2 protein chains.
Amino acid sequence: MASERPDLAAMLYPLVRELIAIELPILAGHEVSMWGYSVLAALDDTPVRTQAALATAIGADKSRIIGTLDELQQAGLIERTPDPDDRRVRLLSITPRGRTVRRAIRKDIQSAELQVLDSLPAADRKTFLRLLQQLHTSR
Amino acid sequence: MASERPDLAAMLYPLVRELIAIELPILAGHEVSMWGYSVLAALDDTPVRTQAALATAIGADKSRIIGTLDELQQAGLIERTPDPDDRRVRLLSITPRGRTVRRAIRKDIQSAELQVLDSLPAADRKTFLRLLQQLHTSR
DNA sequence: TATTGTTATACTCTATAACTATA
DNA sequence: TATAGTTATAGAGTATAACAATA
């Protein structure tokens, strides 16, 4: 019976939950919700898109992100401009201020999140991070 | 600006979501919910405990797992016996049938879940798994 | 008084499906 | 008619607090 190990999800999920617990106070400090941060990140990495495309990109329903977009727009972090070529579409873009906020949040998160890997030796931590990144970009 | 990488959660969360999508139909096939499977796994790995201890062990509220325990008990997968020493407490245990079901589910899950690591070379896959396991046990 | 398990309540998410305006 | 965005509705999930039994 040697080959016993926990399921992948059983090992990964606690990590994610710990990470969320780390991120929430940071996000609150910047007055941005988790969905809001997710939107800012997506828009910052790939500039313009329709709301529907954005929604599927971050794994949400198109109706689910509307409140988030309203908040971000009102805070001046994103812009929604009607597409002249197809007036049904709202072209999305992150504002300079949105970009600044996104980077500040990311800096705070990334300087705190690595603590979840603390139990690994430094070399292993680096390896884990590299493999995870590889896994993430090749999806 | 070299040091740019996605946040840990941004890389891990999609993995978890993909894993859940893989697990749900398997669990449905065994007529066990995700919470139910989580409870079976916890009880199988560390035999007896109070409901409150079990709840915190799997990251839930004590009131949240009661419906799950009812279902599992009715299906004959767990037992709730009053503690003679403290009649407020219900001692929890997994039944032989519960153990069988849990193992069957785990076998199905583990034979399917590794596909999320498919984009890694075999050696890297093994390394990732080892580090993740190390991370999980040393928490 | 404190604790275990339970129930009840309200609150938050989420999914679904209508609705509008454009095409 | 089909699609983008929006709104409305209902359903599921969750947290909180009250409750009964026991310590």
Side-chain angles (χ1 to χ4, degrees), chain A residues 9 13-14 16-18 20-21 23-25 27-28 31-39 42-43 46-74 78-94, chain B residues 9 13-14 16-18 20-21 23-25 27-28 31-39 42-43 46-74 78-94:
Chain A
Y13 192 62
V16 168
R17 238 190 345 209
E18 198 179 338
I20 290 176
E23 291 188 9
L24 282 181
L27 289 166
E31 291 179 325
V32 172
S33 70
M34 186 71 84
W35 282 113
Y37 179 57
S38 179
V39 166
L43 287 182
T46 56
V48 293
R49 268 182 301 198
T50 79
Q51 296 186 189
L54 172 67
T56 58
I58 64 176
D61 190 85
K62 60 175 182 166
S63 69
R64 215 160 83 185
I65 62 170
I66 290 189
T68 303
L69 295 179
D70 291 345
E71 287 170 15
L72 292 174
Q73 184 175 25
Q74 197 176 352
I78 68 167
E79 273 177 354
R80 275 192 278 197
T81 61
D83 183 345
D85 295 345
D86 181 346
R87 304 230 325 268
R88 293 173 302 182
V89 170
R90 312 298 168 91
L91 292 174
L92 296 173
S93 57
I94 190 170
Chain B
Y13 193 63
V16 168
R17 241 195 338 211
E18 198 179 339
I20 290 176
E23 291 188 8
L24 282 182
L27 289 166
E31 293 181 324
V32 172
S33 70
M34 187 72 84
W35 282 112
Y37 179 57
S38 178
V39 165
L43 287 182
T46 55
V48 292
R49 266 183 303 199
T50 79
Q51 295 187 187
L54 171 67
T56 59
I58 64 176
D61 189 85
K62 60 176 180 166
S63 70
R64 215 160 82 181
I65 62 169
I66 290 189
T68 302
L69 295 179
D70 290 344
E71 289 170 13
L72 292 174
Q73 185 175 24
Q74 196 176 350
I78 68 166
E79 273 179 354
R80 276 192 276 198
T81 61
D83 184 348
D85 295 346
D86 181 347
R87 302 229 328 266
R88 293 174 302 181
V89 171
R90 311 296 167 93
L91 293 174
L92 296 173
S93 58
I94 189 171

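Every chain is numbered from 1, with letters handed out A, B, ... down the list of sequences. Owing to the predicted nature of the structure, the values given are computational and were not obtained by experimental measurement.
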| Length of the line joining A/E79:CD and D/dG5:P, which is rounded to integer Å | 16 Å

| task | May I have the distance from A/D70 (atom CG) to D/dT6 (atom P), rounded to whole angstrom? | result | 7 Å

| field | Of the listed nucleotides C/dG5, D/dA2, D/dG5, the one nearest the side chain of A/R88 | value | D/dA2

| request: Whole angstrom is fine here: how far is it from CG in A/L24 over to P in C/dT12? | output: 15 Å

| query | C/dG5 C1' sits how many Å from B/Q73 CD, rounded? | reply | 13 Å

| message | Show, in sequence, the C-alpha distance, side-chain angles and deciding distance for A/L91 and A/R80, and conclude whether the side-chain contact (heavy atoms from CB on, under 4.5 Å) test is met. | response | CA-CA 6 Å; A/L91 292 174; A/R80 275 192 278 197; over 6 Å; no

| query | So, for A/S33 and A/E71, which heavy atoms are closest and what is the spacing to 0.1 Å? | reply | OG-OE1, 4.4 Å

| note | Of D/dG5, C/dT7, D/dT14, the nucleotide closest to the side chain of B/I66 is C/dT7

| query | Does the B/R49 side chain pair with the main chain of B/A57, one donor and one acceptor, at a distance under 3.5 Å? | reply | no

| message | Can you measure A/D61 atom CG to C/dT12 atom C1' for me and round it to whole angstrom units? | response | 17 Å

| message | Please tell me if B/W35 has a side-chain N or O lying less than 4.0 Å from either OP1 or OP2 of D/dT14. | response | yes

| request: Take the protein atom CG of A/L91 and the nucleotide atom C1' of D/dA4, then report the distance between them rounded to whole Å. | output: 12 Å

| Which heavy-atom pair separates A/A55 from A/I65 by the least distance, and what is that distance? | CB-CD1, 3.8 Å

| task | Report yes if at least one side-chain N or O of A/R87 is closer than 4.0 Å to OP1 or OP2 of C/dT22; otherwise report no. | result | yes

| Of the candidate nucleotides C/dT14, C/dA2, D/dA15, which contains the atom at the shortest distance from the side chain of A/R64? | C/dT14

| Distance-only donor-acceptor test, B/S63 side-chain atoms vs D/dT14 base atoms, 3.5 Å | no

| query | Would you say the side-chain atoms of A/T56 pair up with the backbone N or O of A/A53, donor to acceptor, closer than 3.5 Å? | reply | yes

| A/I65 CD1 to D/dT7 C1', straight-line distance once rounded to whole Å | 15 Å

| Could you give the CG-to-P distance, from A/L54 to D/dT6, as a whole number of Å? | 12 Å

| message | So A/D86, base contact, sugar-phosphate only, or nothing? Heavy-atom distance under 4.0 Å. | response | sugar-phosphate

| remark: Residue pair B/R80/A/P84 against DNA chain C: nearer the 5' end by closest nucleotide is B/R80

